[in-house]
Amino acid sequence: MTSLEVLFTPAEFSRLPQRDLSETCCVVFDVLRATTTMVTALGNGAEAILPVEEISDALTARERRPGVLLAGERDGVRIGPDLAQGIAFDLGNSPREFTAQVVRGRTIVMTTTNGTRALRSCLPARQTLAASFLNLGATAEAIRRSGPARLLVVCSGTLEQAAYEDVLGAGALCALVWAQYQGGLIADSAHMAHELFLLARDDLPSALARSRNARRLLARRELADDVSFCVQRDVEPLVAALGKDGLVKRMGLG
Ligand code: MLT
């Protein structure tokens, strides 16, 4: 029996280690902005992204591999030396910073408030994909081709709350794979995300702009353009997969 379910909050994804995910494909959304940023980085030629939870984990990873770039945010802004034992991070979490010139061929160690935490909680899953509106179609196509029995769409949220933009991303993916899961168990959470997306789909930029995260970004002149960047659909035809080694890499469509 197939199943389709959406998790809305960090409280739900933090319990994933207690679930049997051996037959599950997790798809993680952090539309504003961690998974959008990862997809952009891979699209611009980054080798891999290592998502980690804590700033100290990122610093340890760089000690081991001095060639990596350090990226991430706290309160939406790039992690500064005050938070990182005097070390300035190379990048924040704005996808517009992750240009080909900066990231091509590089491995990026990234820590963000929610997105990197959500991804790591899915490590026990059979497969985990990092999704955004930028690579929505390619992600749905990969799911159509591989046909996982259980699809679990994980919204990263904002701090400990649900995030509207992630639910819209989850709903957009549900819309694309609905027919594949219709004969099985569709959780109410998937119906909710799907229906919210259908209500908003004719004007996604306005819907997204109402979210708490978007309002926070729009209030900062240097980050405001991230919101329209992150709502672009299908501009990165790539699938981003989290490997058992903890690295997010571009996956061939095969
Ligand atoms: C997160 O991981 O919580 C977000 O991506 C936050 C942000 O981009 O500001």
Side-chain angles (χ1 to χ4, degrees), residues 7-14 16 26-43 46 49-58 61 69-80 83-84 89-99 102-103 108-123 128-136 153-170 208-232 236 240 242 246-248:
L7 301 186
F8 292 126
T9 63
E12 292 168 278
F13 71 63
S14 61
L16 283 178
C26 290
V27 183
V28 178
F29 280 90
D30 190 341
V31 169
L32 295 175
R33 300 161 291 172
T35 55
T36 303
T37 298
M38 290 178 194
V39 167
T40 304
L42 294 174
I49 296 120
L50 177 68
V52 295
E53 289 190 26
E54 305 296 339
I55 294 171
S56 57
D57 299 331
L69 291 171
L70 290 181
E73 58 68 38
R74 288 298 179 268
D75 286 329
V77 296
R78 184 189 300 194
I79 295 164
L83 295 178
F89 272 41
D90 305 296
L91 295 153
N93 190 29
S94 168
R96 294 174 299 120
E97 289 178 85
F98 291 64
T99 60
V102 176
V103 303
I108 303 160
V109 179
M110 182 183 280
T111 174
T112 68
T113 317
N114 283 48
T116 56
R117 223 165 25 115
L119 271 164
R120 290 194 64 86
S121 70
C122 297
L123 265 171
T128 300
L129 306 178
S132 66
F133 282 108
L134 276 57
N135 70 336
L136 190 71
V153 189
V154 178
C155 298
S156 298
T158 303
L159 301 172
E160 296 311 316
Q161 298 178 351
Y164 186 30
E165 70 279 9
D166 293 338
V167 179
L168 291 174
L208 210 89
R210 288 196 289 278
S211 69
R212 175 181 174 182
N213 260 331
R215 285 183 278 119
R216 180 174 52 93
L217 293 167
L218 290 167
R220 288 184 183 270
R221 192 185 312 171
E222 74 284 9
L223 300 179
D225 287 344
D226 284 357
V227 178
S228 53
F229 187 98
C230 294
V231 81
Q232 299 175 91
E236 293 288 0
L242 175 71
L247 292 169
V248 178

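In listed order, ligands and their atoms are each counted from 1. Throughout, numbering of the chain's residues begins at 1 and tracks the sequence.
For the residue pair Arg78 and Ser94, no side-chain donor N or O sits within less than 3.5 Å of a side-chain acceptor on the partner. Judged by distance alone, the side chains of Glu12 and Thr9 do bring a donor and an acceptor atom under 3.5 Å apart.
Within ligand 1, counting atoms from 1 as listed, the ones closer than 4.0 Å to a heavy atom of Leu32 are 4 (C), 5 (O), 6 (C), 7 (C), 8 (O). Ligand-side atoms of ligand 1 in range of Ala34: 2 (O), 5 (O), range being under 4.0 angstrom from any heavy atom. The distance from ligand 1 to the heavy atoms of Gly76 drops below 4.0 Å at these ligand atoms: 9 (O). Within ligand 1, counting atoms from 1 as listed, the ones closer than 4.0 Å to a heavy atom of Arg33 are 4 (C), 5 (O), 7 (C), 8 (O), 9 (O).
Closest protein heavy atom to atom 3 (O) of ligand 1: Asn114 N, 2.8 Å. For atom 6 (C) of ligand 1, the closest non-hydrogen atom on the protein side is Glu73 OE2, 3.3 Å. In this structure, the protein non-hydrogen atom closest to atom 2 (O) of ligand 1 is Thr112 OG1, 2.5 Å.
Within the 4.0 Å heavy-atom criterion, the part of Arg216 lying near ligand 1 is the side chain and not the backbone.
Considering backbone and side-chain N/O of Asn93, one or more are found under 3.5 Å from N/O of ligand 1. Residue contacts with ligand 1: Gly115 is placed with a nitrogen or oxygen under 3.5 Å of a nitrogen or oxygen of the ligand (distance criterion only). When only interatomic distances are considered, the shortest N/O to N/O separation between Leu217 and ligand 1 does not fall below 3.5 Å.
Side-chain contact between Thr40 and Phe229 is present, with at least one heavy-atom pair separated by less than 4.5 Å. At a threshold of 4.5 Å between non-hydrogen side-chain atoms, the residues Leu159 and Arg212 count as touching. The shortest distance between side-chain heavy atoms of Thr116 and Met38 falls below 4.5 Å. Inter-residue side-chain proximity for Arg210 and Arg215 is flagged as unmet; no heavy-atom pair is nearer than 4.5 Å.
Residue Asp30 holds the heavy atom nearest to atom 4 (C) of ligand 1 of all those in Leu223, Asp30, Asp75.
Scanning both residues, Ser156 and Phe13, for their nearest heavy atoms gives O-CE2, 3.4 Å.
With Met110 as the fixed residue, the side chain to side chain contact (heavy atoms under 4.5 Å, CB included) test singles out one of Asn93, Val52, Leu50, Leu91: Asn93.
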